[in-house]
Number of protein chains: 2
Amino acid sequence: MATVPPAHLTPRKRPRQARATVTVDAIFEATIQVLLADGPNRLTTTRVAQRAGVSVGTMYQYFPHKQALLYALNERYLEIVAEKVERACEAQHGASIGQMVDALVGAYWEAKTVRSDVTRALYRSAVELDTESLIEAFGRRVDAATAAMLASAADADFADPSVVNTTLLTAIFGAVRSVFERNLPSALGGEVRGQLVVMCRSYLEAVKKEPERAAPGGPATANRTVIDDAG
Amino acid sequence: MATVPPAHLTPRKRPRQARATVTVDAIFEATIQVLLADGPNRLTTTRVAQRAGVSVGTMYQYFPHKQALLYALNERYLEIVAEKVERACEAQHGASIGQMVDALVGAYWEAKTVRSDVTRALYRSAVELDTESLIEAFGRRVDAATAAMLASAADADFADPSVVNTTLLTAIFGAVRSVFERNLPSALGGEVRGQLVVMCRSYLEAVKKEPERAAPGGPATANRTVIDDAG
DNA sequence: ACCTGAACACCGTTCAAGT
DNA sequence: ACCTGAACACCGTTCAAGT
């Protein structure tokens with residue numbers, strides 16, 4: 001169903017005893033700390049192990065290599081974000097598209113902002129091709145949640161719901177990342193967040209099918225032309 | 001005026017003789033090739049030097065360290081993108097906001113897509129804090145170009161042009177990056193591109209000041225509430 | 001079952017020597 | 001002015017030995 005993570009990135013073994021769980025948690029915590037304090041370039045296995053209070057060898061019992069560690073860290077993080085978004089979407093079933101957009105942007109923004117330092121550190125830790133499968137899985141999961149939500153909207157109906165949904169998410173994911181990446185001052189960030197809601201709302205209004213009277217001119221056609229192109 | 005790049009990332013010296021220029025170009029070219037073929041993790045100085053047909057020592061004459069090399073590569077690339085966007089914006093002065101959005105999204109999308117493999121490789125090569133200054137400078141430059149363009153619009157006027165402009169760019173930059181990152185099939189990517197235009201257009205329509213009659217209800221208020229919050 | 005840390009291969013960076 | 005490549009410090013990863 002969902003994409004299986006590449007085998008070489010899977011943890012070598014799962015902790016079975018209590019002290020092992022403690023060890024693994026300590027390693028995760030240490031990784032975040034080193035990432036924040038020293039940046040991804042100075043994130044060395046020895047440094048992480050030292051900070052976690054274990055030997056390198058111990059680390060390699062659970063993670064086959066450094067990349068697997070960062071992979072697991074991102075996985076853990078995306079799991080939390082995905083859950084929050086899913087919950088927010090479920091809570092909006094049957095609501096208006098305006099409320100849906102509010103809730104969706106709000107939940108995603110909030111999830112990324114609670115620990116904005118961690119978010120930024122993780123955005124940068126994502127080296128090498130292999131996070132693609134993670135991000136894809138995350139994207140598909142959120143796609144499903146928002147698609148179901150939009151399909152239940154009380155006040156709108158879309159000609160090509162899947163494209164509309166993907167566009168919406170692409171814009172939201174991207175805008176949020178862009179704010180982090182450009183390191184906008186938080187006041188400006190807040191304004192952009194509000195404007196992002198306005199943007200998504202007006203987009204959905206523009207592409208929704210008119211309920212009664214067909215309006216051949218006007219903004220609704222902008223939608224049709226695009227969809228037609230793709231056949 | 002613009003942010004000065006961090007001193008430690010500046011090339012050590014500029015090529016003076018013809019053969020030196022050839023050397024530097026070869027190094028850049030080799031870097032891209034290694035990046036594409038082996039990924040950022042296997043991008044080693046020796047490998048780049050070998051592919052460029054020079055010794056490591058030579059590389060270090062022009063770039064104080066590996067990061068400086070990647071920094072210069074990104075710089076070179078963003079320079080090209082910025083120029084294309086600037087030209088597109090200038091060409092639209094006095095046009096309608098609809099045309100502006102078309103041209104802006106078109107130019108940016110095109111610039112990123114001509115060599116989508118290079119674009120993706122560079123998105124991933126941007127490790128460590130130090131690309132922030134590059135991205136900031138790039139952002140400010142494009143900000144200026146689009147702000148001037150929007151200010152000249154024949155059919156619209158905005159209460160807070162700077163926030164509107166930042167939001168627009170944040171969404172466009174982000175959406176494009178998101179498409180690359182999620183590795184959407186190019187057909188779907190094309191559809192998203194078209195929808196992105198629709199989204200930006202309807203956003204600008206929603207936040208523009210009404211020319212004559214003040215409409216206290218309706219979509220225009222969504223704009224006002226947000227701006228007011230930020231005081 | 002879990003942990004240790006010396007040992008090995010490899011990478012980033014330097015610098016004395018060459019044209 | 002530009003180029004070379006052996007040399008050094010450090011990092012990722014392993015594995016024999018310990019509890």
Side-chain angles (χ1 to χ4, degrees), chain A residues 6-31 34-35 37-73 125 127-128 130, chain B residues 6-31 33-35 37-73 125 127-130:
Chain A
H8 58 105
L9 289 176
T10 317
R12 196 162 270 178
K13 69 175 183 188
R14 309 207 140 272
R16 286 164 202 279
Q17 294 180 8
R19 67 168 164 163
T21 312
V22 173
T23 301
V24 170
D25 282 344
I27 293 173
F28 276 133
E29 199 39 56
T31 310
V34 174
L35 213 46
D38 305 339
N41 273 354
R42 256 147 290 160
L43 183 119
T44 70
T45 49
T46 358
R47 228 183 285 254
V48 170
Q50 191 182 331
R51 188 132 196 168
V54 298
S55 83
V56 235
T58 301
M59 251 192 60
Y60 275 85
Q61 264 192 306
Y62 299 101
F63 305 98
H65 45 252
K66 195 178 140 182
Q67 245 188 77
L69 174 62
L70 291 172
Y71 186 93
L73 201 62
S125 79
V127 208
E128 193 74 338
D130 303 317
Chain B
H8 59 106
L9 288 176
T10 317
R12 194 163 272 177
K13 69 177 183 188
R14 310 206 139 272
R16 285 164 202 280
Q17 294 180 6
R19 67 170 165 162
T21 312
V22 173
T23 300
V24 171
D25 282 343
I27 293 173
F28 276 132
E29 199 39 56
T31 310
Q33 283 181 30
V34 173
L35 214 45
D38 305 339
N41 273 353
R42 256 148 289 161
L43 182 117
T44 70
T45 49
T46 358
R47 229 184 284 253
V48 170
Q50 190 182 333
R51 189 132 195 169
V54 299
S55 82
V56 234
T58 300
M59 252 191 61
Y60 276 86
Q61 264 191 306
Y62 299 101
F63 306 99
H65 44 252
K66 195 177 141 183
Q67 245 188 78
L69 174 62
L70 292 172
Y71 186 92
L73 201 63
S125 78
V127 206
E128 193 73 338
L129 288 147
D130 303 317

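Every chain is numbered from 1 and lettered A, B, ... according to where its sequence line falls, protein lines coming before strand lines.
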Any side-chain heavy-atom pair from A:L43 and A:K66 closer than 4.5 angstrom?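 Heavy-atom side-chain distance check passes, below 4.5 Å.
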Considering all heavy atoms, the nearest [X]-[Y] contact:
X: A:L69; Y: A:F28; answer: O-CE2, 4.3 Å
X: A:A52; Y: A:A26; answer: CB-O, 3.7 Å
X: A:P40; Y: A:L35; answer: CA-CD1, 3.8 Å
X: B:T45; Y: B:M59; answer: O-SD, 3.8 Å

Contact pattern, 5' to 3', of nucleotides 1-7 of chain C - B, S or - by protein heavy atom under 4.0 Å: BBBBB--
With sequence neighbours left out, what residues match A:T44 under side chain to side chain contact (heavy atoms under 4.5 Å, CB included)?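 By the side chain to side chain contact (heavy atoms under 4.5 Å, CB included) rule, A:T44 matches A:T46, A:R47.
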Could you list the residues that satisfy side chain to side chain contact (heavy atoms under 4.5 Å, CB included) with A:S55, not counting sequence neighbours?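 Per chain and number, A:S55 pairs via side chain to side chain contact (heavy atoms under 4.5 Å, CB included) with A:T58.
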With the criterion being N/O to N/O and under 3.5 Å, what pairs connect the protein with nucleotides 9-12 of chain D, and how long is each?
unit_1, atom_1, unit_2, atom_2, d
D:dG12, OP1, A:K66, NZ, 3.0
D:dG12, OP2, A:T45, N, 2.7
D:dG12, OP2, A:T45, OG1, 2.9

In dot-bracket notation, what is the pairing pattern of DNA chain D, taking Watson-Crick (N1-N3 plus N6-O4 or O6-N4) and G-U wobble (N1-O2 and O6-N3) contacts under 3.5 Å, with [ ] crossing and | for other strands? ||.|||||...|||||.||
A:R51: partners by side chain to side chain donor-acceptor pair (under 3.5 Å), with sequence neighbours left out: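 A:R51 satisfies side chain to side chain donor-acceptor pair (under 3.5 Å) with A:Q33 once adjacent residues are dropped.
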